[in-house]
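Just so you know, these numbers use all the heavy atoms, side chains as well, and skip hydrogens, waters and symmetry mates. For ligands, and for the atoms within them, numbers begin at 1 and follow the listed sequence. Quick note: residue numbers are just sequence positions, from 1.
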Amino acid sequence: MENIESKLLNAPGLEEVRKVLREKILITPQVSEEMSQTVRRQEALVDSLLRAYTMYDNGVPMRPTLGNEMQIMYMRERQTLSFLLFPELLKLEYEVARVIGDVFIAPMMRGKTLPEILNSNQPIAAAHRYAHEEIVVAREDFGIYRHYECADCYGLPNIGMKICAYEAGTAAGCFAKPLGRPVEVIETKCCANGDPYCEFEIHVG
Ligand SMILES: [Zn+2]
């Protein structure tokens, strides 16, 4: 009993937990590749999620009575509070989203150059109702695009954070595959950072 009490007394606080996350998590390109391979080994899961995109696009309900749409606050609360409490997770979730882009979104991409890919991808944001997408710059090795009414952050107050790591990571993963080059996507403006829209820079390596 005494042991448990002294353990609790010496247990790390929030700041110390965050410090561990900050110092111990390092996602190298090799780890990122391992992450993709780990997901691909789950063949039934990959098939099921890929099928779900087709079902969504064809208006086929994934759930028999509740369909394919959901009140977006559930998703927003989870991710916004996760990132507010542990900003270190932004980097980790960016890498998870890169796998989503690589495994699930890249197969749907059309085009071989960044301008072609951006243009063919642009209507999907509104079709899937996560944002209105505007392409600002589209060059071979660099691009900028904006998201208006972003599902992740539009309408949130300024919490001093750019929280759309899932969007940035997914974009990085799905652009890298057809380009055959490493890509990083950085969110430079975000509604959760006091901006009126989200803006993303695409850097092709
Ligand atoms: Zn944002």
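Taking 2.8 Å as the criterion, Glu187 counts as a coordinating residue of the Zn ion (ligand 1), since one of its N, O or S atoms falls below it. For Cys164, the nearest N, O or S atom to the Zn ion (ligand 1) falls under 2.8 Å. In summary, no N, O or S atom of His147 is located under 2.8 Å from the Zn ion (ligand 1). Taking backbone and side chain together, Cys198 holds an N, O or S atom under 2.8 Å from the Zn ion (ligand 1).
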Name the atoms and distances for all side-chain donor-acceptor pairs under 3.5 Å in residues 164-177, with sequence neighbours left out.
{"unit_1": "Tyr166", "atom_1": "OH", "unit_2": "Glu93", "atom_2": "OE1", "d": "3.0"}
{"unit_1": "Glu167", "atom_1": "OE2", "unit_2": "Tyr145", "atom_2": "OH", "d": "2.6"}
{"unit_1": "Thr170", "atom_1": "OG1", "unit_2": "Tyr166", "atom_2": "O", "d": "2.6"}
{"unit_1": "Lys177", "atom_1": "NZ", "unit_2": "Asp102", "atom_2": "OD1", "d": "3.3"}

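Between the side chains of Glu201 and His203, at least one donor N or O sits under 3.5 Å from an acceptor N or O.
Residue Tyr148 shares its hydrophobic cluster (ILVMFWY side chains chained together at separations under 4.5 Å) with Tyr197.
Between His147 and Tyr130, a ring centre-to-centre spacing shorter than 6.0 Å is recorded.
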